[in-house]
Amino acid sequence: MKQPKRSEHDIQSECVRLFRYMYAPLQWRFFAIGNGGKRNIIVAAKMKKEGVLAGVWDCFLSVPRNGKSGLFIETKVKGNKLTDNQIKFRQENEADYAFEVVYSTEEFITAVNNYLTIKEV
């Protein structure tokens, strides 16, 4: 029987659960940025006034490493690519922050492990 396709929500939720388990001491340093999803026009307008910005990536790890101030992570399902706004956000911030696009929990864990094992210079 064919497995149902996992959504970006499913992958990101599992990544957050794994992070909280594997890196419990850093739980307050890793969070989602509630930027995506469909909303009614009133809620969308309120959020825009509050500073929501199209293109900001899904999650942020606020741990500095190797001259970077933190790690932004974007969750995608196979076949989905970064939007123009997400590309622009990365370009505007890549001097100060690290960025990883992940398509699975395995890629997420590898990205976080690689980032966190970089020793500060």
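Numbers here simply count residues along the sequence, with the first being 1. Worth knowing before you read on, the calculation uses all heavy atoms, side chains too, and leaves out hydrogens, waters and symmetry mates.
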Nearest heavy-atom contact between Pro64 and Ser62 is CD-O, 4.0 Å

Asn85 and Ala54 have their tightest heavy-atom pair at ND2-CB, 3.5 Å

Between Thr105 and Glu14 the two heavy atoms that sit nearest each other are CG2-CG, 3.2 Å

* Can Thr110 and Asn113 be counted as having a side-chain donor-acceptor contact under 3.5 angstrom? -> no

Heavy-atom side-chain contact between Val112 and Phe19 under 4.5 Å:
yes

* How about Gln12 and Lys76: does a side-chain donor come under 3.5 Å of a side-chain acceptor? -> no

Checklist entry - Under 4.5 Å between side-chain heavy atoms, hopping through other hydrophobics if needed: is there a path connecting Tyr21 to Val63? => result yes

Original post:
Hey, are the side chains of Leu71 and Phe60 touching, using non-hydrogen atoms and a 4.5 Å cut-off?
Top reply: no

Taking the six-membered ring for Trp, are Phe108 and Phe30 closer than 6.0 Å centroid to centroid? yes

In short, Arg6 meets Val77 closest at the heavy-atom pair O-CG1, 3.1 Å

Open item on the list: Does this structure show an ion pair linking Glu8 with Lys78, if we count only N-O contacts that are shorter than 4.0 Å?
Closed with: no

Please list, one pair per line, the donor and acceptor atoms closer than 3.5 Å that link side chains of residues 87-98 to other protein atoms, with sequence neighbours excluded.
{"unit_1": "Lys88", "atom_1": "NZ", "unit_2": "Glu92", "atom_2": "OE2", "d": "3.0"}
{"unit_1": "Asn93", "atom_1": "ND2", "unit_2": "Phe89", "atom_2": "O", "d": "2.8"}

